[in-house]
Structures are given as C-alpha cells and as structure tokens.
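Structure first, then comments.
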Number of protein chains: 2
Amino acid sequence: MDIQELKRNFEQFLKQRGYKVTKSRLNLVDKIASYGSHFEIEQLVHYVVGSSKDGVSRSTVYRTVKLLQEFGAIREVIKLGNRTIYEFSAGKPHHEHLVCVECGKIIEFYKDEIEELQDKVCQEMDFTPLHHRLEIFGICSECKSSHENRR
Amino acid sequence: MDIQELKRNFEQFLKQRGYKVTKSRLNLVDKIASYGSHFEIEQLVHYVVGSSKDGVSRSTVYRTVKLLQEFGAIREVIKLGNRTIYEFSAGKPHHEHLVCVECGKIIEFYKDEIEELQDKVCQEMDFTPLHHRLEIFGICSECKSSHENRR
DNA sequence: GTTGCTGCAAACAATTTGCAGTGTG
DNA sequence: CACACTGCAAATTGTTTGCAGCAAC
C-alpha cells in the first residue's frame, strides 16, 4: 500500500464530505502509518504530541482517528478489558487476531473456511453481516517456552 | 442450570480464595441471574441499587462482577465502541454472537466447525488458546424488513 | 470572508480506590 | 476480634465537547 495514494484517497474522502484537508490530518496519517500496524490511542498521542514539528493535540488525535475509521483505514481490532487496540488496516486484506495474554503479542491470521462458515450462519439466521471480529486470547509459543525454562 | 447450585459453587470458590461469603455477593448472583442473559454494568447498577431490599452499591457491583468473571459465571461478550456487554454464562455452553447494529439485538449461535478451524489455526501457529470471542455485527431480519416497509 | 479545524480546558463516562465503619468466619 | 467487605466520595482513565482563535477553501 502506498501512503501517498492513501493520503490522496483520504483527501477525496474529506472533500466529499465537506470536510477540510488540513496539515494535521495528513500529518497524522503519516504518523500512524509509520507507527506500526497496531496501536492504542494513548501511545499514539504520546508519539505524536511529543514530536516537536507537526505535533497535534490529543483532541485532534481522537477526532482524526474517528475520521480514519469512517474512511476505513483504521479499525478497532482488539478489545481487552478497558484497552482498545487499533489497527492501521489500509490496504491490508481482512484477517483475525491471536493475542498473547502474557506478552501482548498480536498475531494475524486468515482462514477462508472460517469466513465461509460465518456467512453460512448469517444466511441461516437471515442476518446481514457488515463486519466481524474474531479474537483468540492465549499463550504464544515464545511465552510457552519461557515457561518451560523456568522449571 | 440451577441457581442454588451455582451459588454453592460460588461460595466454594470464594472460600478457596480466602474471600468471604457475604449477603451482597449472593444477592447479586440472584439479581444477575434474574436480569436476563445480557447486560451492561450500568443497567445492572440501576436494577440493583434501586431495589429497596438487598440493594448494593455501584462499587460492590463492579467488584462482584469482577469476581464472577474470575469464577467464570460472567463474560465480556460484546465490545462495541465504549460499551461492554456482559453475559451471564453460567452453565451455558460456549457460543458466539450476532449483534444487530440497528436494534441492538443479540443472537447467539454455535458452529462446531468454526471452533475446530480455530483450534487448527492455533496448532499451526503453536499458540495455546485460552478463550476467544467472535462478534458479527450486522442487520437482523426484523430490521431488514422494516427497511423494506419504509419504501 | 465563511465555515470548518485546532488546542485548550472543562465536562463526561466508566471504572477504580482509600478510608472509616460493618459483617463474616 | 482480626480481617475482609461495603458504601461513599474522591481519584483515575479514556473520551468527548464548547469555545476562542486560526486555517482552508
């Protein structure tokens, strides 16, 4: 995925809605793209508010994240207790997540058959799916081996 | 599932941990059981704090819900924006949820094959699953038909 | 210029916590 | 009778909002 293209599309999106294309918004897209695929808002705030140049306020971060969600470049992918982990999903194909409850690592996976089965269930229930989220919480292989070493 | 039995088990659980078996806690189990299977904490608080007899405070509701989660009788099943919907899952077999984004209705379903595929993925990834949550957001059949009527 | 955007601080919502008093084992 | 539990109010955390000044179109 090309960030420049993404930004152009985002500009289009903003204009279509009568919103304005501002430096803060475009800067934030860059920041988020360079941050890594998974983040929590508070982390992002620290990363972005700190940066001397083109820093934006906490409010703007929240507001822009919301816009980017509507635009479709960002999703809430993991909800754990009071934490919300977002994903910069622009251009990424759909997938689900394994979450290690020990080290917090997030592993992505995709299983076609699972998607198909979901569609099947929805058909049976006469339910029109819009989006879904499958989170599997557990222990990743590294954390497992470090357990063994402890013995 | 028999509530009396559940309460006895919960008492056991409390004793094992050196916690105390109090009226508030047992009352709350009754209240939650009679509330219906899905709830948000604030609803529960209103339901429970209001009740003249054996009412408990908001703090106790939070504290007890947490205990019941550890005990395994309650789970966070739906996370939507800032809302958390809990389920009184005691004795219920595992299942997933369809959530109507229009009317808020929650439909439960279970698909063996989906569970199996998840296990398979975890094996491939050498990941030990502890629990998971699959939420499918969409439009239920009633909401769909009311759309049609609007035309 | 008009209107939307930003930063700030205040408001809000959900949840947690400290403490003094009460109940349980 | 020790120590955990409860209620209360205050503290936290995460998020939203009102408003005055600034920027985009």
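Side-chain atoms are counted along with the backbone in the values below, which use heavy atoms only and exclude waters and symmetry mates. Naming: A, B, ... by sequence-line order, numbering from 1 per chain.
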Decide yes or no on ring pair (Phe, Tyr, Trp, His ring centres under 6.0 Å) for B/Tyr47 and B/Tyr35, but give the supporting numbers first. CA-CA 8 Å; B/Tyr47 178 53; B/Tyr35 189 84; 5.0 Å; yes

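Checked for salt-bridge contact, A/Glu70 and A/Arg17 meet the test: a charged N lies under 4.0 Å from a carboxylate O. Between B/Arg75 and B/Glu87 no salt bridge is recorded (no basic side-chain N to carboxylate O distance below 4.0 Å).
Nearest heavy atoms, A/Ser89 versus A/Ile74: OG-N, 3.8 Å.
Atom CG in B/Leu67 sits about 14 Å away from atom C1' in C/dT16, given to the nearest Å. If you measure from atom CZ of A/Phe10 to atom C1' of C/dC5, you get 13 Å, rounded to the nearest angstrom. At whole-Å resolution of the value, CG in B/Leu80 and P in D/dT15 are 14 Å apart. Here the C1' atom of nucleotide C/dG25 and the CD atom of B/Gln16 are 16 Å apart, to the nearest Å. Distance, B/Gln69 CD to C/dT15 C1': 12 Å, rounded to whole Å. In this structure, CZ of A/Arg83 is placed 17 Å from C1' of C/dT16, rounded to the nearest angstrom.
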For nucleotides 8-11 of chain C, which of its nitrogen or oxygen atoms have a protein nitrogen or oxygen under 3.5 Å away, and what is each distance?
residue	atom	partner	partner atom	Å
C/dC8	N4	A/Ser59	OG	3.3

Every protein N/O lying under 3.5 Å from an N/O of nucleotides 21-25 of chain D:
residue	atom	partner	partner atom	Å
D/dA24	N3	A/Lys20	NZ	3.2
D/dC25	OP1	A/Val21	N	3.2

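If B/Tyr86 and A/Leu14 are placed on DNA chain C by their nearest nucleotide, the residue sitting closer to the 5' end is A/Leu14.
OP1 or OP2 of D/dT6 sits under 4.0 Å from a side-chain N or O of B/Arg25. B/Tyr62 has no side-chain polar atom (N or O) that falls below the 4.0 Å cut-off from OP1 or OP2 of C/dT16.
Other residues, nucleotides and ligands contribute only 12 or fewer heavy atoms inside 6.0 Å of the NE2 atom of A/His46.
Relative orientation of the B/Phe10 and B/Phe13 rings is parallel, given thresholds of 30° and 60° on the angle between their planes. The aromatic rings of B/Phe39 and B/Tyr86 sit parallel, their planes meeting at an angle under 30°, below the 60° perpendicular limit.
There is no side-chain donor-acceptor pair under 3.5 Å between B/Glu40 and B/His38.
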